[in-house]
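Just below is one structure, and these are the notes that go with it.
Residue numbering restarts at 1 for every chain, and letters A, B, ... go by the order of the sequence lines. The basis for the numbers below is simple: all heavy atoms, side chains too, and nothing from hydrogens, waters or symmetry mates.
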There are 2 protein chains.
Amino acid sequence: MRLSNLADYAVVAMRAAAGHCGSQMWSAAQLADQTGLPAPTVQKLVSRLSAAGLLRSTRGANGGIRLARPAAAINLADIIEAVEGPIAMTQCSDGPSGCTIEHSCGARPHWPQVNRAIRGALENITLADLAKEDVAA
Amino acid sequence: MRLSNLADYAVVAMRAAAGHCGSQMWSAAQLADQTGLPAPTVQKLVSRLSAAGLLRSTRGANGGIRLARPAAAINLADIIEAVEGPIAMTQCSDGPSGCTIEHSCGARPHWPQVNRAIRGALENITLADLAKEDVAA
DNA sequence: GCAATTCGGAACGATTTGGTCCGAATTAGC
DNA sequence: GCTAATTCGGACCAAATCGTTCCGAATTGC
């Protein structure tokens with residue numbers, strides 16, 4: 001029930017990218033130096049976020065990374081899914097699951113409802129909200 | 001962002017305990033046999049759930065376990081917290097956290113809001129809801 | 001008092017996660 | 001056209017947590 005450190009760092013990095021560079025080009029090394037996170041970790045995050053389509057990377061001498069979408073169009077669910085995979089409380093939520101008690105698991109039909117609730121809560125928080133200095137609620 | 005197998009099994013076990021034995025006395029071994037879960041795993045679950053106050057255990061020859069509270073008064077947040085600890089997305093949510101980027105972590109003030117949303121979603125699901133055969137939503 | 005049955009805690013192994021490193025690709029400059 | 005610098009992308013390794021299993025302590029019934 002606790003998201004991994006990678007996802008946590010991803011949120012921090014994305015917030016820094018959204019707040020400081022806007023649509024400017026930014027390098028992963030600079031982002032690491034600015035956030036204080038380990039540089040290799042930021043590289044890994046950038047790799048996954050780029051693969052998920054949240055960041056647009058440009059190679060070359062003066063290359064870098066920038067947001068692929070406006071900050072208001074990116075929410076926590078997108079970031080977490082990009083780093084940790086699908087948001088699903090249980091393995092049986094999506095697929096055959098492989099657990100041996102499928103037939104007797106009466107709780108299984110109720111998990112999708114929980115998943116939707118969690119996902120909805122995460123989708124309501126966007127990068128624009130996180131960029132604000134004051135706490136909303 | 002995925003709860004551990006222990007928590008998943010805990011929900012299944014609690015649902016079985018609520019649905020089949022009501023306030024009757026039940027043994028961990030029978031519960032394991034009934035749910036199809038490994039017996040030692042159920043034992044561990046019972047230990048944690050008892051320590052959390054969700055189950056009342058009775059030792060002795062004809063001992064066993066039973067729900068400490070009515071099924072309607074136990075929700076998913078209680079079960080998950082009993083098995084996995086506090087529901088907090090990040091380490092810095094509760095305490096000094098020890099992370100080195102506290103000062104520059106602008107996202108930190110927003111996590112409590114997310115935590116409350118997640119917790120609220122889990123608190124809305126009670127054991128009584130899970131015991132029902134048909135899916136609510 | 002004895003024995004059977006139970007829960008509680010401790011130790012081991014496996015899996016996932018986090019961190020680090022090196023190679024491939026691309027562009028600027030010469 | 002070529003070289004060189006800088007970048008991202010993927011693969012490897014160590015660590016921590018999770019999951020499982022086992023054994024001991026406690027309690028009640030006979």
Side-chain angles (χ1 to χ4, degrees), chain A residues 1-10 12-13 17 21 24-33 35-66 68 80 82-86 88-91 98-101, chain B residues 1-10 12-13 17 21 24-33 35-66 68 80 82-86 90-91 98-101:
Chain A
M1 204 50 229
R2 180 182 303 168
L3 52 81
S4 61
N5 291 345
L6 267 300
D8 186 3
Y9 294 162
V12 175
C21 64
Q24 288 288 104
M25 203 65 84
W26 203 259
S27 71
Q30 280 180 320
L31 195 64
D33 187 61
T35 56
L37 298 172
T41 299
V42 175
Q43 274 193 346
K44 192 178 190 64
L45 290 175
V46 170
S47 299
R48 295 197 185 184
L49 293 171
S50 300
L54 297 180
L55 290 178
R56 179 72 64 176
S57 64
T58 303
R59 285 182 162 177
N62 289 345
I65 55 176
R66 61 181 170 82
I80 294 174
V83 175
E84 289 195 333
M89 295 284 101
T90 59
Q91 289 184 338
C99 82
T100 60
I101 61 170
Chain B
M1 203 50 228
R2 181 181 304 169
L3 54 81
S4 61
N5 292 345
L6 268 300
D8 187 1
Y9 294 162
V12 175
C21 63
Q24 288 286 105
M25 204 62 87
W26 204 259
S27 72
Q30 280 180 320
L31 194 65
D33 187 62
T35 56
L37 298 172
T41 300
V42 175
Q43 274 194 348
K44 193 177 187 63
L45 290 175
V46 170
S47 298
R48 294 197 185 184
L49 293 171
S50 299
L54 297 180
L55 290 178
R56 177 74 62 176
S57 64
T58 302
R59 285 183 163 174
N62 289 346
I65 55 175
R66 61 180 170 82
I80 294 175
V83 176
E84 290 195 331
T90 58
Q91 290 184 338
C99 81
T100 60
I101 61 170

May I have the distance from [X] (atom [atom1]) to [N] (atom [atom2]), rounded to whole angstrom?
{"X": "B/Arg56", "N": "C/dG8", "atom1": "CZ", "atom2": "C1'", "value": "16 Å"}
{"X": "B/Leu31", "N": "C/dT6", "atom1": "CG", "atom2": "P", "value": "13 Å"}
{"X": "A/Arg66", "N": "D/dT7", "atom1": "CZ", "atom2": "C1'", "value": "15 Å"}
{"X": "A/Trp26", "N": "D/dT6", "atom1": "CH2", "atom2": "P", "value": "18 Å"}
{"X": "A/Asp33", "N": "D/dT7", "atom1": "CG", "atom2": "P", "value": "13 Å"}
{"X": "A/Leu45", "N": "C/dG19", "atom1": "CG", "atom2": "C1'", "value": "11 Å"}
{"X": "A/Asp8", "N": "C/dG18", "atom1": "CG", "atom2": "P", "value": "10 Å"}
{"X": "B/Arg48", "N": "C/dG9", "atom1": "CZ", "atom2": "P", "value": "11 Å"}

- May I ask you to say what A/Ala28 touches in the nucleic acid, namely base, sugar-phosphate or nothing, with a heavy-atom cut-off under 4.0 Å?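 Since only primed, P, OP1 and OP2 atoms lie under 4.0 Å of A/Ala28, the category is sugar-phosphate.
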- Task: Any chance you could list the contact pattern along nucleotides 14-28 of chain D? Use B for base contacts, S for sugar-phosphate-only contacts and - for none, protein heavy atoms under 4.0 Å, 5' to 3'.
- Result: ----SSBBB---SBS
- Message: Any side-chain N or O of B/Ser50 below 4.0 angstrom from OP1/OP2 of C/dC7?
- Response: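 It does not, given that no N or O in the side chain of B/Ser50 lies less than 4.0 Å from OP1 or OP2 of C/dC7.
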- Which residues satisfy the side-chain hydrogen bond (donor to acceptor under 3.5 Å, both in side chains) test with B/Ser4, sequence neighbours excluded? B/Glu84
- Message: List the residues meeting side-chain hydrogen bond (donor to acceptor under 3.5 Å, both in side chains) with A/Ser50, not counting sequence neighbours, and say none if there are none.
- Response: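 Here no residue qualifies.
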Those residues that, when tested against [X], pass side-chain contact (heavy atoms from CB on, under 4.5 Å) (two or more places apart):
{"X": "B/Arg56", "result": "B/Arg66, B/Ala68"}
{"X": "B/Ala13", "result": "B/Leu31"}
{"X": "B/Pro38", "result": "B/Pro40, B/Thr41"}

- Message: Could you check whether any side-chain N or O of A/Arg48 sits under 3.5 Å from a backbone N or O of A/Ala82, counting only pairs where one atom can act as donor and the other as acceptor?
- Response: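 A pair under 3.5 Å: no.
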